[in-house]
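Just so it is clear, the model here is predicted, and its values are computed rather than measured. Letters A, B, ... are given to chains in the order of the sequence lines, protein chains preceding strands, and every chain is numbered from 1.
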Amino acid sequence: MSTEAIASKAVGDRPETAAARSPAYESYLRSLRRRALSIQAWQVGLVVAFLILWEVAPRAGWINPMLTSYPSAVARTFMAMLRDGTLVLHTWVTLSETVGGFTGGMLLGLAIAVALWWSPYLYKVLDPFIVVLNAIPKIALVPIFYIWLGDVASIYAMAIAISVFVTVLMLYTGFQAIDPDKIKLARLFGGTRRQILYKIVLPGSVPTIISALKVNVGLALVGVVVGEFQAAKAGLGYLITYGSQIFQMNLVMTAIVVLAVISSLLFVIIQAVEATVLKRHGAPR
Amino acid sequence: MQPSTAIPAVAIRDVTLNYFTPERETLALSNVSLDVAKGEFVAIVGSSGCGKSTLLTMVSGLLMPSRGSIEVDGIAVTAPSPRVGYMFQKDTLLDWRTILDNVLIGAELLGLDMARARKRAEALLARYGLGEFMHSLPNQLSGGMRQRAALARTLCCEPDLLLLDEPFSALDYQTRLALSDEIAAILSAESKTVVLVTHDIGEAISMADRVIVMSRRPGRIKSEHKISFPSFGDKRPTPFEARKCSEFSVYFQTIWDELDLHEVH
């Protein structure tokens with residue numbers, strides 16, 4: 001392979017060799033790279049500026065350090081908690097509750113959506129209830145769940161409650177949007193309702209299911225943290241309530257930072273899943 | 001073509017269909033009777049909403065007439081049968097299945113011998129120039145190729161009767177002409193009985209042995225035309241050749257006048 005060809009591969013997998021590129025095209029590519037770099041520079045700069053302001057403002061006496069703590073103090077707390085293992089413990093508790101609640105909400109939502117698709121009559125009967133249940137602020141149920149279910153189960157219940165109704169509505173709408181001709185096709189080949197579900201409707205709804213996953217990861221995390229505020233003896237939500245009760249802002253901020261990292265990580269994972277699945281799924285280009 | 005037996009491939013007798021919505025009752029088809037001989041290619045033309053697709057759906061067994069009867073090979077139609085193949089306006093290929101798996105879906109749903117179906121599917125795809133795309137997903141194929149794959153799916157279960165519901169109308173004009181030539185060749189080689197529903201008069205005349213004209217709602221059979229091209233000689237012209245015959249424009253003018261398309265809307 002010639003050096004030009006290698007260079008062109010490195011830039012953007014263009015079929016043309018470097019020799020074939022016009023100067024105008026070269027400068028276009030340069031301007032694209034410049035733009036991408038400047039955007040990244042702004043993003044990093046904003047984070048750095050925020051951290052500096054957060055460090056300086058309390059020290060200069062512009063705001064009360066009791067209320068905000070400092071990044072350096074948060075970092076010290078973070079490292080100390082990492083060393084003694086408490087941070088891993090609390091993160092693990094929250095993460096496993098989130099994944100558990102999210103899986104539960106997803107499976108329950110899928111089962112209900114399938115049942116509604118299976119029986120349009122059932123859908124007609126239940127439709128107003130689902131809409132109302134979806135509209136209720138689920139956070140209002142936290143104390144009830146705690147009384148009914150105790151400290152552990154109530155957290156999972158919260159995560160499920162907050163994600164299940166959206167899942168049902170999203171998936172059911174997705175099922176309804178399947179091309180009726182594809183269902184007719186299956187019926188013409190003598191397909192039963194079960195076969196239509198497994199061979200047409202469910203595989204055809206994979207993109208919808210993934211959108212629901214994306215929405216639910218965030219919602220389940222909200223449910224878990226709120227559940228932990230009320231009930232838990234461990235977890236990041238517990239750290240936040242505990243830290244604020246004893247006025248330890250370091251602790252609160254640390255927990256919030258970890259929460260931000262967790263939710264970004266979960267989102268990145270789902271996005272990677274989405275990209276691979278949709279590619280294999282033959283999504284229209 | 002002479003019918004080989006007395007029993008027609010399709011016998012539609014006095015079929016009437018009305019359907020209900022909360023707003024109104026609609027008479028979609030009224031007293032339609034039509035026989036299609038074995039091996040015959042019949043085209044039904046009519047303006048949109050005349051019930052021609054509905055008639056095809058009833059022949060397929062997915063919809064029952066309100067009155068009257070439909071028989072395929074002398075047997076009353078009550079449910080879809082593997083001996084009847086159906087082609088849609090859109091290719092309705094499943095995006096997540098490879099072309100081969102798409103062609104096999106009929107055999108899969110019908111619970112047929114998969115090894116045998118697979119052999120036949122591979123042979124059909126190779127014959128239609130899709131051999132190297134067997135393991136591709138539909139989104140890697142052009143519109144014409146996708147519709148050929150849909151034809152392979154329909155023919156994979158070896159139906160005797162083919163129902164074509166405007167199978168070319170979603171394609172661009174050039175692809176449509178080329179593909180109707182190809183499909184006409186495939187179907188006449190396999191001597192299938194075909195009922196084609198279309199709003200394209202030219203397509204109907206160039207492909208069919210007989211053209212049925214339907215009136216606007218409630219759909220009735222208005223007239224029928226036996227199509228032949230004496231100027232071409234004894235052999236049947238391909239659809240493309242037929243369009244160049246002198247008879248073509250005569251048929252076109254006659255059917256055009258009968259359709260009253262200029263009054264629509």
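Between B:Lys52 and B:Glu166, at least one side-chain nitrogen of the basic residue sits less than 4.0 Å from a carboxylate oxygen of the acidic one, meeting the salt-bridge criterion. Of the charged side-chain nitrogens involved, at least one lies within less than 4.0 Å of a carboxylate oxygen, so that B:Asp35 and B:Arg13 count as a salt-bridged pair. Electrostatic pairing of B:Arg153 and B:Asp91 does not count as a salt bridge here, judged by no charged N lying under 4.0 Å from a carboxylate O. Salt-bridge formation is not detected for the pair B:Lys192/B:Asp160: no Lys NZ or Arg NE/NH1/NH2 atom is positioned less than 4.0 Å from an Asp or Glu carboxylate oxygen.
By a heavy-atom distance cut of under 4.5 Å, not one residue of residues 107-122 of chain A is near chain B. Residue-level contacts of residues 160-183 of chain A with chain B, in order of numbering, are A:Asp179, A:Asp181, A:Lys182; threshold 4.5 Å between heavy atoms. Proximity to chain A at a heavy-atom threshold of 4.5 Å picks out B:Leu109, B:Leu110 from residues 109-116 of chain B, in numerical order.
In terms of heavy-atom pairs under 4.5 Å with chain A, the best-connected choice from B:Pro80, B:Ser81, B:Gly106 is B:Gly106. Considering only heavy-atom pairs separated by less than 4.5 Å from chain A, the leading option among B:Val84, B:Ile105, B:Thr92 is B:Thr92.
Side-chain contact between B:Val36 and B:Pro8 is absent, with no heavy-atom pair separated by less than 4.5 Å. Contact of the B:Arg146 side chain with the B:Lys90 side chain is not registered, since no non-hydrogen atoms from C-beta on lie closer than 4.5 Å.
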Show the atom names and distances, to 0.1 Å, of all donor-acceptor pairs under 3.5 Å that link a side chain in residues 129-138 of chain B to residues at least two apart or in another chain.
{"from": "B:Ser136", "atom 1": "OG", "to": "B:Phe133", "atom 2": "O", "distance (Å)": "3.4"}

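When heavy atoms are compared at a cutoff of 4.5 Å, A:Ile196 does not approach chain B at all. Heavy atoms closer than 4.5 Å to chain A are found nowhere in B:Gln89, neither backbone nor side chain. Residue contact with chain A, scored on non-hydrogen atoms closer than 4.5 Å, involves the side chain of B:Arg97 exclusively.
With no hydrogens or angles considered, a side-chain donor-acceptor pair links B:Glu203 and B:Thr198 at under 3.5 Å. Side-chain polar atoms of A:Lys184 and B:Thr57 form a donor-acceptor pair below 3.5 angstrom.
Between B:Tyr86 and B:Phe88, the ring planes lie tilted relative to each other; the angle falls in the 30° to 60° range.
If you take OG1 on B:Thr98 and CD on B:Gln140, they are separated by 10.5 Å, rounding to the nearest 0.5 Å.
The number of heavy-atom neighbours closer than 6.0 Å to CZ of A:Arg193, taken from other residues, nucleotides and ligands shown, is above 12.
Side-chain atoms of B:Glu158 do not come within 3.5 Å of backbone N or O of B:Arg83 as any donor-acceptor pair. In terms of modelled atom types and a separation under 3.5 Å, the side chain of B:Ser66 and the main chain of B:Asn18 share a donor-acceptor contact.
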